Undergrad: 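Input: one structure, supplied below.
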Amino acid sequence: MSDHVSIVEVGPRDGLQNEAQTVSVETKTALIEKLVAAGLKTVEAGAFVSPKWVPQMASSDAVLARIDRRQGVSYPVLTPNMKGYEGARAVQADTVAVFGAASESFSRKNINASIEESLERFRPVTEAAKADGVRVRGYVSCVLGCPYEGKVALADVARVVEALYAMGCYEISLGDTIGVGTARETRAMIRAVAGVVPVDALAGHFHDTYGQAVANVYAALEEGVRVFDSSVSGLGGCPYAPGASGNAATEDIVYMLEGSGFDTGVDLDALVEISLWISGALGRRPGSKATLARSARSISTARP
Ligand code: HMG
Ligand code: MG
């Protein structure tokens with residue numbers, strides 16, 4: 001049996017949060033449902049954050065209320081504090097995510113709190129979620145670099161990962177928020193973090209600013225990580241990470257994984273269709289090499 005790798009599709013949240021044009025509730029809902037139909041079992045569906053800070057996510061409650069939820073699929077949403085958690089609960093979110101950072105400056109810019117303050121805000125969220133039977137995922141941003149501070153010490157990454165795990169997060173997603181890391185740095189970072197929490201509680205979340213996301217996924221795979229976040233068509237960026245590009249494209253990751261002997265349970269052809277559809281809806285060229293290769297009539301789509 002081949003080794004299974006789980007993909008956490010973050011396109012509807014990370015992919016759209018920085019979009020300047022308003023994306024309708026209908027489009028967001030259709031995007032989530034299409035991704036689930038393509039075989040994705042975890043689709044991050046929105047964020048319960050301040051609409052003044054991230055206007056594009058203001059419709060997350062309407063999206064969550066509208067999606068036709070499938071059994072066996074989870075639809076996590078971001079919840080930076082209790083207000084966010086209450087919003088997520090009101091629409092029966094099954095999984096919430098708290099999001100911290102390994103860099104002080106990024107933490108303050110992104111969520112208006114120091115790292116310590118942020119952990120204090122997450123604590124009641126994790127406690128309430130535990131009491132309600134809601135799963136909590138944790139994110140740590142800037143694990144391979146910060147847009148404001150540059151290099152980030154591995155000890156700082158490990159400290160925040162450990163704190164989130166101790167709070168009860170079932171999985172910690174390690175974010176190369178600005179997509180500056182390389183395979184060697186990824187490997188060192190995973191080793192440092194796997195020294196404080198089990199490697200099977202880790203996920204990789206690589207933005208593709210320097211075109212390193214697929215290589216970084218592979219490096220993390222070699223270190224034993226089996227969960228990766230990605231966004232269809234490589235959509236994405238963070239409003240508080242200037243210059244950062246989208247996430248690793250789900251199509252590219254699925255192509256690499258399946259071609260390397262891993263099983264993802266995701267239908268690549270269906271993903272390519274979704275990528276073309278959402279790119280059309282947003283009026284841009286797909287950000288996935290696999291989608292461009294599969295959809296170019298002049299290029300053979302057959303694998304060698
Ligand atoms: P704040 O201003 O410090 O919060 O923001 P506050 O508690 O002082 O409240 C101020 C106002 O915000 C009040 O409203 C609150 O009600 C409201 P007012 O009285 O002024 O009308 N408020 C909220 N409204 C809706 N939902 C809430 C909420 N909380 C307070 N949950 C806060 C703190 C965290 C809310 C703010 O900084 C914020 O929303 N930041 C947005 C952060 C964000 O979404 N960033 C992008 C996602 S993170 C990311 O992309 C990285 C990731 O992909 C991993 C990676 O790549 O590394 C995850
Ligand atoms: Mg991100």
Side-chain angles (χ1 to χ4, degrees), residues 8-19 44-61 64 76-91 93 95-103 105-115 117-122 124-125 128 136-148 152 157 160-161 164 169 171-181 186 189 202-209 213 216 228-231 234-250:
V8 174
E9 169 63 47
V10 296
R13 193 280 303 173
D14 205 342
L16 297 180
Q17 68 185 8
N18 207 23
E19 194 58 48
E44 200 170 64
F48 288 79
V49 297
S50 163
K52 287 182 195 141
W53 285 59
V54 187
Q56 194 63 253
M57 288 292 109
S59 59
S60 293
D61 53 350
L64 265 284
V77 292
L78 299 193
T79 54
N81 52 20
M82 278 308 287
K83 186 172 169 78
Y85 179 74
E86 281 150 17
R89 278 299 282 163
V91 289
T95 306
V96 298
V98 293
F99 50 106
S103 132
S105 312
F106 184 80
S107 183
R108 288 178 194 278
K109 293 270 188 192
N110 193 41
I111 53 174
N112 203 22
S114 69
I115 295 172
E117 285 163 351
S118 76
L119 294 173
E120 285 318 306
R121 286 183 191 175
F122 301 156
V125 173
V136 187
R137 193 171 199 241
Y139 275 105
V140 180
S141 285
C142 300
V143 298
L144 294 173
C146 168
Y148 310 105
V152 172
V157 178
V160 183
V161 168
L164 292 179
C169 293
E171 186 170 280
I172 318 292
S173 176
L174 302 162
D176 182 9
T177 317
I178 51 170
V180 290
T186 297
M189 185 274 294
L202 298 174
H205 178 112
F206 298 102
H207 284 262
D208 201 32
T209 317
N216 291 342
F228 294 97
D229 302 354
S230 60
S231 73
L235 297 172
C238 173
Y240 301 100
S245 76
N247 294 83
T250 309

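Excluded from the calculations below are hydrogen atoms, water molecules and symmetry mates; all remaining heavy atoms, backbone and side chain alike, are included. For ligands, and for the atoms within them, numbers begin at 1 and follow the listed sequence. None of these values were measured; they are calculated from a predicted model.
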Undergrad: Do side-chain atoms of Ser118 reach the backbone of Ala113 as a donor and acceptor pair under 3.5 angstrom?
TA: no
Undergrad: Would you mind listing which atoms of ligand 1 come within a distance below 4.0 Å of any non-hydrogen atom of Leu78?
TA: 47 (C)
Undergrad: Quick check on contacts: which atoms of ligand 1 are under 4.0 angstrom from a heavy atom of Lys52?
TA: 18 (P), 20 (O), 21 (O)
Undergrad: Polar contacts were defined as any N/O atom of the residue lying under 3.5 Å from an N/O atom of the ligand; does this apply to Asp14 and ligand 1?
TA: yes
Undergrad: Is there a side-chain contact between Val10 and Tyr139 in this structure, where contact means two heavy atoms from C-beta onward sitting under 4.5 Å apart?
TA: yes
Undergrad: Going by the order shown, which atoms of ligand 1 are within less than 4.0 Å of some heavy atom of Ser141?
TA: 51 (C), 54 (C), 55 (C), 57 (O)
Undergrad: Give the atoms of ligand 1, by number and element, whose distance to some non-hydrogen atom of Pro80 is under 4.0 Å.
TA: 31 (N), 34 (C)
Undergrad: When rounded to the nearest 0.5 angstrom, what distance separates CD1 in Ile111 from CD in Glu117?
TA: 9.5 Å
Undergrad: Can you name the N/O/S atom of His205 that is nearest the Mg ion (ligand 2)?
TA: NE2
Undergrad: Just verifying a value: how many Å separate Glu171 CD and Arg137 CZ, rounded to the nearest 0.5 Å?
TA: 4.5 Å
Undergrad: Does Asn110 approach ligand 1 within less than 4.0 angstrom via side chain, backbone, both or neither, non-hydrogen atoms only?
TA: both
Undergrad: Can you measure from CZ (Arg121) to CG (Asn112) and round to the nearest 0.5 angstrom?
TA: 6.5 Å
Undergrad: Using side chain to side chain contact (heavy atoms under 4.5 Å, CB included) as the criterion, point out the one residue from Leu174, Asp176, Asn216 that pairs with Thr186.
TA: Asn216
Undergrad: In ligand 1, which numbered atoms sit nearer than 4.0 Å to a non-hydrogen atom of Val54?
TA: 41 (C), 43 (C), 44 (O)
Undergrad: Could you tell me whether Arg13 and Asp229 make a salt bridge, using a distance below 4.0 angstrom between a side-chain N and a carboxylate O?
TA: no
Undergrad: Backbone or side chain, does any N or O of Ser50 fall under 3.5 Å from an N or O of ligand 1?
TA: yes
Undergrad: Where on Thr177 is there a heavy atom closer than 4.0 Å to ligand 1, on the side chain, on the backbone, on both, or on neither?
TA: both
Undergrad: Tell me, with the steps shown, if Leu119 and Leu164 meet side-chain contact (heavy atoms from CB on, under 4.5 Å).
TA: CA-CA 8 Å; Leu119 294 173; Leu164 292 179; 3.9 Å; yes
Undergrad: Counting only heavy atoms closer than 4.0 Å, does ligand 1 sit against the backbone of Val143, its side chain, both, or neither?
TA: neither
Undergrad: Mind checking the OG1-CZ spacing from Thr250 to Phe228? Nearest 0.5 Å is all I need.
TA: 13.0 Å
Undergrad: What distance do Glu44 atom CD and His205 atom NE2 have between them, rounded to the nearest 0.5 Å?
TA: 8.0 Å
Undergrad: Can you check whether Ser105 reaches Pro147 side chain to side chain, under 4.5 Å on heavy atoms?
TA: no
Undergrad: Check whether any N, O or S atom of Asp229 sits under 2.8 Å from the Mg ion (ligand 2).
TA: no
Undergrad: Counting only nitrogen or oxygen atoms and a 3.5 angstrom limit, does Val140 reach ligand 1?
TA: no
Undergrad: Under a 4.0 angstrom heavy-atom cut-off, which atoms of ligand 1 come close to Asn81?
TA: 27 (C), 28 (C), 29 (N), 30 (C), 31 (N), 35 (C)
Undergrad: Taking the side chain as every heavy atom from C-beta outward, state whether Phe99 and Asn110 have any pair of such atoms under 4.5 Å apart.
TA: yes
Undergrad: Report the part of Arg13 in contact with ligand 1, treating N, CA, C, O as backbone and CB onward as side chain, heavy atoms under 4.0 Å; options are side chain, backbone, both, neither.
TA: side chain
Undergrad: Please indicate whether any nitrogen or oxygen in Val49 is less than 3.5 Å from any nitrogen or oxygen in ligand 1.
TA: yes
Undergrad: Measure from the Mg ion (ligand 2) to every N/O/S atom of Asp14 and report the name of the nearest one.
TA: OD2
Undergrad: Answer yes or no: is there a donor N or O on one side and an acceptor on the other, between the side chain of His207 and the main chain of Ser245, under 3.5 Å?
TA: yes
Undergrad: Taking distance alone, with no angle check, do Gly84 and ligand 1 share an N/O pair under 3.5 Å?
TA: yes
Undergrad: Pull out every atom of ligand 1 sitting under 4.0 Å from any heavy atom of Phe48, numbered as shown with elements.
TA: 26 (N), 27 (C), 31 (N)
Undergrad: Quick check on contacts: which atoms of ligand 1 are under 4.0 angstrom from a heavy atom of His207?
TA: 56 (O)
Undergrad: Using heavy atoms and a 4.0 Å limit, tell me yes or no: is Met57 in contact with ligand 1?
TA: no
Undergrad: Heavy-atom distance to atom 22 (N) of ligand 1: which of Met82, Glu117, His205, Lys83 wins?
TA: Lys83
